[in-house]
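Computed from a prediction, not measured in an experiment: that's the story for all the values here.
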Amino acid sequence: MQALVLEQAEKITLRDIDMPLAVGPRDVKIKIHTVGICGSDVHYFKHGKIGPFAVEAPMVLGHEASGVVAEVGEDVTHLKVGDRVCMEPGVPQFDSPATMRGLYNLDPAVRFWATPPIHGCLTPYVVHPATFTFKLPDNVSFGEGAIVEPLAIGLQAAKKAAIKPGDVAVVIGAGTIGAMTALAALAGGCSRVILADLVPEKLALFVDNAAVSTVDVRQASLADTVREATDGWGADIVFEASGSMRAYDHIVDLLCPNGCLVLVGMPPDKVPFDIVAIQAKEVRIESVFRYANIFPRAIALLASGKIDVKPFISRTFGFADGVRAFEEAAQGHPRDVKIQIELAGD
């Protein structure tokens with residue numbers, strides 16, 4: 001079976017590879033339709049590792065996916081052949097202490113697609129636990145289904161922020177995760193989001209959203225914008241979604257007293273924190289690592305129309321052009337938010 005395989009840093013091939021396709025009693029076999037290229041996929045492509053996770057053997061890429069159920073295990077009752085689905089890519093040990101506490105995303109033994117040494121889903125068929133496979137409503141497309149995974153991160157961030165109706169939030173970073181976090185913050189009850197980035201093409205995607213104020217940080221001061229928007233009080237919530245180390249310079253100044261800082265992006269190295277500034281405002285700090293029990297909420301929000309992710313799907317490539325899709329994603333074109341690969345037509 002063919003797959004898009006990361007052989008080593010800077011080398012991806014489309015080739016045959018053996019993949020396990022035996023369907024257990026609680027599994028489903030899925031014909032993959034659409035897969036999004038994530039920033040982590042690009043990072044593995046460019047550098048061959050992320051922190052301690054290093055590509056030491058050929059690995060199939062991809063973890064943001066939708067498809068059609070092709071076979072169901074004998075114990076599966078909530079799905080049937082032909083159902084359109086999306087899949088949560090991280091599978092924990094079901095009896096681990098983290099899973100038993102409802103924190104399965106924090107299980108150290110979680111097996112996550114396209115995180116070494118686990119193969120991803122950029123291949124025509126995968127077998128996946130039915131528990132982590134979710135039916136898509138008729139009005140949610142395969143492309144939208146494949147963006148549920150990054151949307152889930154934004155919703156996890158909004159959940160951790162404990163948003164109150166009417167809150168004002170700042171989101172630093174307007175890439176895929178920042179965009180999804182901004183949408184999730186509004187869906188969660190924020191009255192306004194101040195979205196900051198240094199790429200105007202990404203900020204332009206929010207030009208028609210009256211609840212979002214954009215700040216090109218090359219042209220204007222984010223701190224001044226927040227002060228002006230809040231009459232000097234500060235934002236209730238700041239979501240750091242860029243992963244930039246520079247974002248942490250004076251980040252506490254953006255917050256109101258007793259505000260919440262939510263760490264979403266992952267900096268490449270340690271960053272300094274002004275502890276006294278945090279204490280003086282009694283800032284609450286939350287952090288996000290993937291998500292847990294969020295996929296059904298994300299799908300429901302898409303189906304209701306409360307969240308529209310379609311403008312953020314920038315380009316779609318065919319499976320045969322998958323290598324070029326990764327090369328384009330690695331270029332970081334300003335207008336690209338989410339590039340997807342389509343393995344099968346409707």
Side-chain angles (χ1 to χ4, degrees), residues 39 150-199 202-203 205-206 209-291 294 307:
L151 176 58
I153 295 173
L155 290 169
Q156 179 84 350
K159 178 182 176 182
K160 296 295 286 288
I163 295 168
K164 301 180 295 299
D167 277 352
V168 173
V170 172
V171 177
I172 301 173
T176 303
I177 299 303
M180 297 302 105
T181 300
L183 296 175
L186 292 173
C190 283
S191 62
R192 176 158 299 279
V193 168
I194 300 169
L195 178 64
D197 204 290
L198 45 73
V199 181
K202 289 180 169 53
L203 295 172
L205 293 170
F206 285 88
N209 193 323
V212 178
S213 303
T214 61
V215 181
D216 182 342
V217 295
R218 299 176 306 171
Q219 307 293 332
S221 164
L222 176 57
D224 288 347
T225 303
V226 173
R227 276 193 293 269
E228 190 173 317
T230 63
D231 294 326
W233 176 244
D236 300 287
I237 306 158
V238 172
F239 298 95
E240 202 309 288
S242 72
S244 169
M245 297 177 68
R246 293 181 60 187
Y248 287 87
D249 295 341
H250 308 293
I251 196 169
V252 177
D253 294 345
L254 304 174
L255 281 162
C256 70
N258 200 224
C260 181
L261 174 61
V262 185
L263 310 180
V264 188
M266 292 187 172
D269 207 343
K270 295 179 181 180
V271 295
F273 250 176
D274 188 339
I275 300 299
V276 175
I278 291 169
Q279 291 174 316
K281 286 188 173 181
E282 288 196 349
V283 168
R284 179 167 58 91
I285 298 177
E286 295 284 352
S287 61
V288 170
F289 185 68
R290 298 172 180 159
Y291 36 75
I294 294 291
I307 287 180

Rounded to the nearest 0.5 Å, what separates atom CD in Glu282 from atom CG in Leu255?
13.0 Å

Side-chain touch Val226/Val238, heavy atoms, less than 4.5 angstrom:
no

With Leu195, which of Val215, Leu222, Val171 fulfils side-chain contact (heavy atoms from CB on, under 4.5 Å)?
Val171

Restricting to non-hydrogen atoms, name the atom on Ala241 and the atom on Gly178 that form the minimum distance, rounded to 0.1 Å.
CB-CA, 3.7 Å

Determine the minimum heavy-atom distance between Gly265 and Pro267, stating which atoms define it.
O-CD, 3.5 Å

To the nearest 0.5 Å, what is the distance between CG on Leu186 and CZ on Phe206?
8.0 Å

Spell out, as yes or no, whether a donor-acceptor pair under 3.5 Å connects the side chain of Lys281 to the backbone of Val252.
yes

Residue from Asn258, Asp274, Ile278 passing side-chain contact (heavy atoms from CB on, under 4.5 Å) with Val283:
Ile278

Close side-chain approach of Cys260 and Asp236, heavy atoms under 4.5 Å
no

What one should report as the nearest heavy-atom pair of Cys190 and Ala169 is SG-CB, 3.8 Å

Can you check whether Tyr248 reaches Leu263 side chain to side chain, under 4.5 Å on heavy atoms?
yes

Rounded distance [0.5 Å steps], CD1 in Ile294 versus NZ in Lys159
4.5 Å

Step by step, work out the side-chain contact (heavy atoms from CB on, under 4.5 Å) result for Asp269 and Met245.
CA-CA 8 Å; Asp269 207 343; Met245 297 177 68; 3.9 Å; yes

Atom CG of Leu198 and atom CD of Gln219: how far apart are they, to the nearest 0.5 Å?
10.5 Å

Start with the C-alpha distance between Ile285 and Phe273, add both sets of side-chain angles, then the distance that settles side-chain contact (heavy atoms from CB on, under 4.5 Å), and finish with yes or no.
CA-CA 12 Å; Ile285 298 177; Phe273 250 176; 4.0 Å; yes

May I ask you to say whether Arg246 pairs ionically with Asp249, meaning some side-chain N is under 4.0 Å from a carboxylate O?
no

Side chain of Glu286, backbone of Val288: donor and acceptor closer than 3.5 Å?
no

For Ile163 against Ile237, the heavy-atom pair lying closest together:
CG1-CD1, 3.6 Å

Residue pair Ala157 / Val264: nearest heavy atoms and the distance that separates them
CB-CG2, 3.8 Å

Looking only at atom types and distance, does a side-chain atom of Glu228 sit under 3.5 Å from a main-chain N or O of Asp231, one as donor and one as acceptor?
no

Nearest-0.5 Å distance that lies between atom OG1 in Thr214 and atom CG in Asn209
10.5 Å

In Å, rounded to the nearest 0.5 Å, how long is the span from CZ of Phe289 to CE of Met266?
5.0 Å

Distance-only, no hydrogens or angles: does the Arg284 side chain make a donor-acceptor pair with backbone N or O of Val262 under 3.5 Å?
no

Minimum heavy-atom separation for Val199 and Asp197, please, with both atom names.
N-OD1, 2.9 Å

